[in-house]
Engineer: 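I have a structure here, written as structure tokens, and I will follow up with some questions on it.
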Amino acid sequence: MSRVLLRGAQVITMTPDRPDSEHTDVLVDGDRIAWATVEGAKALGLADWVGRIEAGMQADLVAVDARALNLWPAHDPVATALHADIANIEAVMVAGTWRKRDHVLLASGLDEVKDQLRESGERLLHSIGPAGSPG
């Protein structure tokens with residue numbers, strides 16, 4: 001069985017009977033992004049409407065603010081995106097519509113959703129009773 005090890009932007013496939021130097025391929029950022037976008041869409045049979053940013057395509061985008069300390073220094077854009085957390089998401093576009101810009105959610109009715117979540121939590125806590133009490 002082979003193993004894949006990542007060393008920076010280099011992918012090395014190792015097998016027990018061959019040294020890794022015989023099986024080294026360079027994987028550039030564009031290749032990794034293509035795997036997650038265009039090639040992923042092709043594999044799922046969705047390439048006619050997702051996987052590319054162009055007119056007529058379904059556009060879902062996430063913009064990561066890599067200036068935050070938890071992502072600094074951002075030497076590798078793909079690794080940076082994978083290590084981002086919710087606070088690093090600067091903007092989100094779903095189906096060509098901005099849902100978040102400048103770190104602010106743009107959806108209406110968020111206060112109502114928050115109230116529903118709070119009420120749901122209160123009902124759950126009430127139904128299970130005080131901590132440590134028998135069920």
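Quick caveat, the model's predicted, so the values are computed rather than measured.
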Engineer: Dump the intermediate steps for side chain to side chain contact (heavy atoms under 4.5 Å, CB included) on His103 and Asp65, then the final yes or no.
Structural biologist: CA-CA 9 Å; His103 297 277; Asp65 183 354; 3.2 Å; yes

Engineer: Going by side chain to side chain contact (heavy atoms under 4.5 Å, CB included), name the residues that satisfy it together with Glu122, two or more places apart in sequence or in a different chain.
Structural biologist: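 Result, side chain to side chain contact (heavy atoms under 4.5 Å, CB included) vs Glu122: Arg118.
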
Engineer: Same cluster or not: are Met93 and Leu106 linked, directly or through other Ile, Leu, Val, Met, Phe, Trp or Tyr residues, by side-chain heavy atoms under 4.5 angstrom apart?
Structural biologist: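 Linked, Met93 and Leu106 end up in one cluster.
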
Engineer: Working to the nearest 0.5 Å, report the span between CD of Gln58 and CG of Leu46.
Structural biologist: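 Atom-to-atom, Gln58:CD and Leu46:CG are 10.0 Å apart.
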
Engineer: Using the side chain to side chain contact (heavy atoms under 4.5 Å, CB included) rule, take Val92 and Leu61 through it: C-alpha gap first, then chi angles, then the decisive distance, then the call.
Structural biologist: CA-CA 6 Å; Val92 175; Leu61 306 171; over 6 Å; no

Engineer: In terms of hydrophobic clusters joined by side-chain contacts under 4.5 Å, are Val94 and Val62 together?
Structural biologist: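 In one cluster: yes.
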
Engineer: What pair of heavy atoms forms the shortest contact from Ala74 to Thr80, and how long is it?
Structural biologist: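 Smallest heavy-atom distance, with atoms named: CB-OG1, 3.5 Å.
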
Engineer: Looking only at heavy atoms, which two atoms of Ala47 and Arg52 are closest? And how far apart?
Structural biologist: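 Looks like O-NH1, 3.1 Å.
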
Engineer: Counting distance only, does the side-chain N/O of Ser120 pair as donor-acceptor with the main-chain N or O of Gln116 below 3.5 Å?
Structural biologist: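 No, because the side chain of Ser120 does not come within donor-acceptor range (under 3.5 Å) of the backbone of Gln116.
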
Engineer: Could you tell me which non-hydrogen atom of Gly51 sits nearest to which non-hydrogen atom of Ala41, and how far apart they are?
Structural biologist: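 In terms of heavy atoms, the two residues are closest at CA-CB, 3.9 Å.
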
Engineer: Quick one: pull up CH2 in Trp98 and CG in Leu105 and give me the separation to the nearest 0.5 Å.
Structural biologist: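 Answer for the CH2-CG pair, Trp98 versus Leu105, is 13.5 Å.
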
Engineer: Sequence neighbours left out, what pairs pass side-chain hydrogen bond (donor to acceptor under 3.5 Å, both in side chains) with at least one residue falling in residues 83-97?
Structural biologist: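 Only Asn70-Asn88 qualify under side-chain hydrogen bond (donor to acceptor under 3.5 Å, both in side chains).
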
Engineer: How many angstroms lie between atom CG of Leu110 and atom CG of Leu117, to the nearest 0.5 angstrom?
Structural biologist: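 Result: 10.5 Å between the selected atoms.
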
